[in-house]
Amino acid sequence: METKRRYEHPTPAAGTMPVAVSPERVLRVVARPGRNPGTPLDLDLVRALRVNRSAVERRAATIPTRRTVKKEWQAAWLLRAITCMDLTTLQGDDTPTNVLRLCAKAKSPVRPDLLAALGATEIGITVGAVCVYHAFVPVAVEALQGSGIPVAAVSTGFPAGLNPLPQRIEEIKASVAAGAQEIDVVITRAHALAGAWEAVYDEVRAFREACGGAHMKVILGTGDLATLVNVARASQVALMAGADFIKTSTGKEAVNATLPVGVVMTRQIRDYHERTGYAVGFKPAGGIRKAKQALDWLILMKEELGDRWLRATLFRLGASALLTDIERQLEHFVTGRYSAAHHHPMV
């Protein structure tokens, strides 16, 4: 897999000394506004993708060890992580009451006394979105009305994605009609495992059309894709098909979001951005429960994609229990003590 950035140095004007180029050199890409419209499927590019697994794993291993964020900088990064969080409940025992309480937490994710101590009361900290099953979309939309927090619905036969295609498309349309502003769709992993990339592309294009104005997050189910090469190819096909975000997992697989997978997927986003000018978001989901993990993912985004990808428009963390641990870490920063988890209830 291509890992190097393509840089160009600006030509200095006549009679001036060249300016030293910083490590954040200028990418040879023209940024384009608006959503990713997708591109025609380029099978030659997709099939040519290769991944050096050992190199990717070494790179991923440096992320938790090479960078540390402490004290007030850590508190600031954790607040940023909250604003990029898709606060999620996808359990079999979900009820309207649970969803209402989750929405209340989404609007006020950190205790007011902690925000006051951090000097962050006026910032307006809220989560990036609330993610629920289709059945609870109307409840969440009503609860979040006027807050500016979008509702995301998991659709297309979540989590397996094995429902008939027309049924999955109708589910997307129903969620959009109910008020969902973001749709998390699931690819058919069997297509990816069989190398049927045309089928994956056509499926995601159909999902994109059904989403209309709602943003589409494409779940690859990376824990089921067997190899990092399949992860890279599935990522690139989803980008070509018009994904607004690519997402690691449903959270229901045996293996969910891992940093090596994150390295592969973010580099496909970077490659697509350099080729087309369109910026696509990234969402790791599943198994992210600790504040330290959230920091690792933020560091990955900063180093692989840059500061632009440190905002909710291009980065989301799919999580539920994570918020409790972040609140505990913020309280430790303020008071020097860790509180019990039940002092920061989720629902």
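- Looking at residues two or more places apart in sequence or on another chain, you find a side-chain hydrogen bond (donor to acceptor under 3.5 Å, both in side chains) between Ser54 and Asn52.
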Listing, residues 69-81 side-chain donor-acceptor contacts under 3.5 Å, not counting sequence neighbours, or none:
unit_1: Gln74; atom_1: NE2; unit_2: Val69; atom_2: O; d: 3.0
unit_1: Arg80; atom_1: NH1; unit_2: Leu310; atom_2: O; d: 2.9

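- Checking side-chain atoms of Asp325 against main-chain N and O of Leu322 turns up no donor-acceptor pair under 3.5 Å.
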Check against side chain to side chain contact (heavy atoms under 4.5 Å, CB included), Val185 and Ile172: CA-CA 8 Å; Val185 305; Ile172 292 172; 3.9 Å; yes
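- The stretch residues 207-226 participates, sequence neighbours left out, in these salt bridge (charged side-chain N to carboxylate O under 4.0 Å, His left out) pairs: Asp86-Lys217, Glu182-Lys217, Asp184-Lys217, Arg189-Asp224.
- Gln181 places no side-chain N or O within 3.5 Å of a backbone atom of Gly213 that could act as its donor or acceptor partner.
- Between the side chain of Asn256 and the backbone N or O of Ala285 there is no donor-acceptor pair closer than 3.5 Å.
- Taking the side-chain hydrogen bond (donor to acceptor under 3.5 Å, both in side chains) definition, one finds that Lys292 meets it with Asp296, sequence neighbours left out.
- Proximity of a side-chain donor or acceptor of Arg316 to a complementary backbone N or O of Lys283 within less than 3.5 Å is not detected.
- The two residues Thr248 and Val261 make their nearest non-hydrogen contact at CG2-CG1, 4.1 Å.
- Among residue pairs with one or both ends in residues 37-48, those qualifying as salt bridge (charged side-chain N to carboxylate O under 4.0 Å, His left out) are Arg47-Glu198; sequence neighbours excluded.
- Residues meeting the side-chain contact (heavy atoms from CB on, under 4.5 Å) test with Glu122, sequence neighbours left out: none.
- Separating the OG1 atom in Thr89 from the CG atom in Asp94 is a distance of 3.5 Å, to the nearest 0.5 Å.
- The main-chain N or O of Ala104 is never found under 3.5 Å from a side-chain atom of Ser108 such that the two would form a donor-acceptor pair.
- Remark: Asp93 engages no residue in a side-chain hydrogen bond (donor to acceptor under 3.5 Å, both in side chains) (not counting sequence neighbours).
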Trace of the side chain to side chain contact (heavy atoms under 4.5 Å, CB included) decision for Leu323 with Lys105: CA-CA 10 Å; Leu323 182 53; Lys105 186 68 172 175; 3.7 Å; yes
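- For Lys290, the NZ atom is loosely surrounded, since the number of other residues' heavy atoms within 6.0 Å does not exceed 12.
- A ring-ring contact (aromatic ring centres under 6.0 Å, His included) check over residues 78-126, counting only residues at least two apart or in different chains, returns nothing.
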Steps toward side chain to side chain donor-acceptor pair (under 3.5 Å) verdict (Thr188, Glu203): CA-CA 8 Å; Thr188 302; Glu203 181 179 72; 2.5 Å; yes
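- Under the 30°/60° scheme for interplanar angles, the aromatic rings of Phe282 and Phe315 are found to lie parallel.
- Between Arg111 and Asp113, the closest side-chain pair of non-hydrogen atoms falls below 4.5 Å.
- Residues that satisfy the side-chain hydrogen bond (donor to acceptor under 3.5 Å, both in side chains) test with Arg328, not counting sequence neighbours, are absent from this structure.
- Sorted by first and then second residue, the ring-ring contact (aromatic ring centres under 6.0 Å, His included) pairs with a member in residues 318-341 read His332-Tyr338; sequence neighbours excluded.
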Apply side chain to side chain contact (heavy atoms under 4.5 Å, CB included) to Ile219 and Ile187, showing your working. CA-CA 6 Å; Ile219 307 171; Ile187 68 166; over 6 Å; no
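- Ion pairing between a basic and an acidic side chain is recognised when a charged N comes within 4.0 Å of a carboxylate O; Arg275 and Asp271 show such pairing.
- Listed for the Glu304 side chain is no donor-acceptor partner under 3.5 Å among the backbone atoms of Thr266.
- One hydrophobic cluster, built from ILVMFWY side chains closer than 4.5 Å, cannot hold both Leu228 and Leu193; they sit in different ones.
- Checking side-chain atoms of Arg233 against main-chain N and O of Val46 turns up a donor-acceptor pair under 3.5 Å.
- Residues that satisfy the side-chain contact (heavy atoms from CB on, under 4.5 Å) test with Ala206, not counting sequence neighbours, are Ile169.
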Between Met240 and Leu45, is the side chain to side chain contact (heavy atoms under 4.5 Å, CB included) condition met? List the steps. CA-CA 11 Å; Met240 292 176 180; Leu45 187 155; 3.9 Å; yes
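- Counting only residues at least two apart or in different chains, side chain to side chain donor-acceptor pair (under 3.5 Å) contacts with residues 124-145 comprise His134-Ser175.
- Among all heavy-atom pairs drawn from Ala180 and Ala214, the shortest one is O-CB, 4.0 Å.
- In terms of heavy atoms, His273 sits closest to Ala279 at CD2-N, 3.8 Å.
- Side-chain atoms of Lys252 do not come within 3.5 Å of backbone N or O of Phe158 as any donor-acceptor pair.
- Phe245 and Tyr272 fall into different hydrophobic clusters, where Ile, Leu, Val, Met, Phe, Trp and Tyr residues are linked whenever their side-chain heavy atoms come under 4.5 Å apart, directly or through other members.
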